[in-house]
Amino acid sequence: MTMTESRPPVAPGEPAPDFTLPAVERSETVSLADYRGRSPVFLALFVGLWCPFCRRAITQLGKVESKLKALGVETLGIVATAPENARLYFKYRPTRMRLASDPEMSTHRAYGLPRPAATPEFMKAIEAVRIDPFHEFPAPVSIMEAAVAMAKQDGYTENDTDKAELGRQWPQLKGQFLIDRDGIVRWANIECGTDGVAGVGRFPSEEEILTAARALPR
């Protein structure tokens with residue numbers, strides 16, 4: 001798979017790149033420094049709300065947030081959409097997790113999340129993939145079929161912001177990082193790895209996330 005220019009993904013043992021971004025839930029900023037010396041943080045980087053896999057993963061992670069907090073781990077999601085678009089969406093679909101807005105995907109680049117080049121080979125590979133990322137279909141289906149079915153189940157209709165962000169962002173990959181209280185990455189999960197498409201749309205399971213959290217140095 002051909003990738004656009006980027007640093008390699010941040011790996012366990014490396015310092016987590018800092019950031020300061022607008023918060024979604026209120027008019028303030030969110031920084032990784034807010035957590036340093038205070039608590040570990042589970043950081044999830046999503047693309048825009050046009051992505052049905054991201055919307056579903058945000059819902060799932062909202063359910064895990066209290067279990068992570070019981071382990072002393074805070075949760076932060078970064079959504080690649082404008083603050084006002086995110087605030088409108090989460091006004092009607094609230095989540096427990098803290099959210100920040102990064103429409104320019106600066107954190108995705110800082111953390112080295114791959115963005116494959118949409119070559120004919122990549123498109124062919126994507127069309128061949130069959131997925132059931134949240135275990136809700138009788139059998140794995142194509143990525144497009146899964147996306148359409150999820151949008152229908154969610155009752156979600158794209159707005160103009162979604163359409164513009166889809167054009168700018170696709171096929172940016174997503175990732176999750178568990179960062180200790182000293183700002184060091186201790187666990188990472190990159191969608192598709194770095195050289196394939198088989199894991200597209202996959203988000204780590206609740207047990208994978210909690211197992212990683214339990215393994216954090218105390």
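We number each residue from 1, following the sequence as shown.
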_Identified side chain to side chain contact (heavy atoms under 4.5 Å, CB included) counterpart of Asn85 within the set Thr161, Val79, Asp160_ =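 Going through Thr161, Val79, Asp160 one by one, the side chain to side chain contact (heavy atoms under 4.5 Å, CB included) with Asn85 is satisfied by Thr161 alone.
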*Does CZ belonging to Arg93 count more than 12 external heavy atoms closer than 6.0 Å?*
yes
Short side-chain to backbone donor-acceptor contact, [X] and [Y], under 3.5 Å:
X	Y	answer
Asp102	Thr107	yes
Asp132	Phe137	yes
Asp154	Tyr156	no

*Note: Arg214-Glu207 ion pair, threshold 4.0 Å (strictly below)*: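 Looking at Glu207 together with Arg214, the answer is yes, because their closest N to O distance falls below 4.0 Å.
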*asked:* Any salt bridge linking Lys174 with Glu191? Criterion: basic side-chain nitrogen under 4.0 Å from a carboxylate oxygen.
replied: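 Yes, charged N to carboxylate O under 4.0 Å.
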Could you tabulate the donor-acceptor pairs under 3.5 Å formed by side-chain atoms of residues 141-151, not counting sequence neighbours?
from, atom 1, to, atom 2, distance (Å)
Ser142, OG, Glu145, N, 3.1
Ser142, OG, Glu145, OE1, 3.0
Glu145, OE1, Ser142, N, 3.2

Taking distance alone, no hydrogens or angles, what donor-acceptor pairs closer than 3.5 Å link side-chain atoms of residues 13-21 to residues at least two apart or in another chain?
from, atom 1, to, atom 2, distance (Å)
Glu14, OE1, Arg7, NH2, 3.0
Asp18, OD1, Ser31, OG, 3.4
Asp18, OD1, Leu32, N, 3.3
Asp18, OD1, Ala33, N, 3.4

*Do Pro204 and Trp187 have side-chain heavy atoms sitting under 4.5 Å apart?*
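Of all side-chain heavy-atom pairs linking Trp187 with Pro204, at least one is under 4.5 Å.
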*Answer whether the closest heavy-atom distance between the side chains of Leu68 and Ile209 falls below 4.5 Å.*
yes
*For Glu136, which residues count as a side-chain hydrogen bond (donor to acceptor under 3.5 Å, both in side chains) partner, sequence neighbours excluded?*
Arg56
*Who pairs with Thr75 by side-chain hydrogen bond (donor to acceptor under 3.5 Å, both in side chains), at least two apart in sequence or on another chain?*
none
_List the residues meeting side chain to side chain contact (heavy atoms under 4.5 Å, CB included) with Ser101, not counting sequence neighbours, and say none if there are none._
Val24, Pro83, Pro103
For residues 35-50, dump all side-chain donor-acceptor pairs below 3.5 Å to protein atoms at least two apart in sequence or in another chain.
from, atom 1, to, atom 2, distance (Å)
Tyr35, OH, Arg98, NH1, 3.1
Arg38, NE, Asp34, O, 3.2
Trp50, NE1, Gln169, OE1, 2.8

*Roughly how far, to the nearest 0.5 Å, is the CZ atom of Arg55 from the CD atom of Gln153?*
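Nearest 0.5 Å value for the CD-CZ distance: 11.0 Å.
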*Assess the pair Phe203 and Phe53: is the distance between their ring centroids shorter than 6.0 Å?*
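Centroid distance Phe203-Phe53: not below 6.0 Å, so no.
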*Test side-chain contact (heavy atoms from CB on, under 4.5 Å) on Ile190 and Phe177 and set out the steps.*
CA-CA 9 Å; Ile190 310 299; Phe177 302 85; 3.7 Å; yes
*Is it true that the side chains of Glu208 and Ser205 contain a donor and an acceptor less than 3.5 Å apart?*
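A donor-acceptor contact under 3.5 Å links the two side chains.
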